K.L.:
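Supplied in structure tokens, the structure appears directly below.
It should be emphasised that the depicted structure is a prediction, and the values quoted were computed from it without experimental measurement.
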Amino acid sequence: IMAWFSASLCYYGLALNAGSMGSNIYLTNALGAAVETPAYLVVIACIDRPAIGRKMLCVTFFFAAGAACVNTVMLTPGSTAETVTA
């Protein structure tokens, strides 16, 4: 239940904050949809395969999302993490 809650909270937070992510809210929403479509297709293709399964798919996507968040902090100009690692 905790994983579902945190994933839903992050998803709706990003969706509601789309206006401040770029200059054009419509382009930002279109890019979000362009990212979601392949993700849905991968989940549909992999979720019921015995070699992958639901748990492994969930863990893999959570680690990928965490790595993307860490990379975002590292690549943001002027962030404290960039100065520490440089």
Side-chain angles (χ1 to χ4, degrees):
I1 288 186
M2 189 66 174
W4 170 80
F5 176 75
S6 61
S8 297
L9 188 68
C10 290
Y11 179 81
Y12 286 113
L14 288 173
L16 293 175
N17 199 22
S20 66
M21 288 186 197
S23 60
N24 188 351
I25 191 169
Y26 301 109
L27 178 63
T28 305
N29 282 331
L31 290 175
V35 170
E36 282 183 30
T37 304
Y40 285 139
L41 295 175
V42 167
V43 169
I44 289 170
C46 296
I47 200 162
D48 286 330
R49 292 187 183 210
I52 300 171
R54 296 171 191 257
K55 289 180 186 177
M56 182 58 86
L57 194 64
C58 186
V59 167
T60 302
F61 279 154
F62 274 129
F63 274 120
C69 288
V70 169
N71 285 336
T72 301
V73 170
M74 296 291 192
L75 298 177
T76 304
S79 69
T80 57
E82 185 180 57
T83 27
V84 169
T85 58

K.L.:
Treat each ILVMFWY residue as a node, draw an edge where side-chain heavy atoms are under 4.5 Å apart, and state whether W4 and L9 are in one component.
P.N.:
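W4 and L9: one cluster.
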
K.L.:
Would you give the length of the straight line joining atom CD1 of I47 to atom SG of C58, rounded to the nearest 0.5 angstrom?
P.N.:
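It is 9.0 Å, given to the nearest 0.5 Å.
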
K.L.:
I'd like to know if I52 and V42 are part of one continuous hydrophobic network [Ile/Leu/Val/Met/Phe/Trp/Tyr, side-chain heavy atoms within less than 4.5 Å].
P.N.:
yes

K.L.:
Tell me every residue that passes side-chain hydrogen bond (donor to acceptor under 3.5 Å, both in side chains) with R49, counting only those two or more places apart in sequence or in another chain.
P.N.:
none

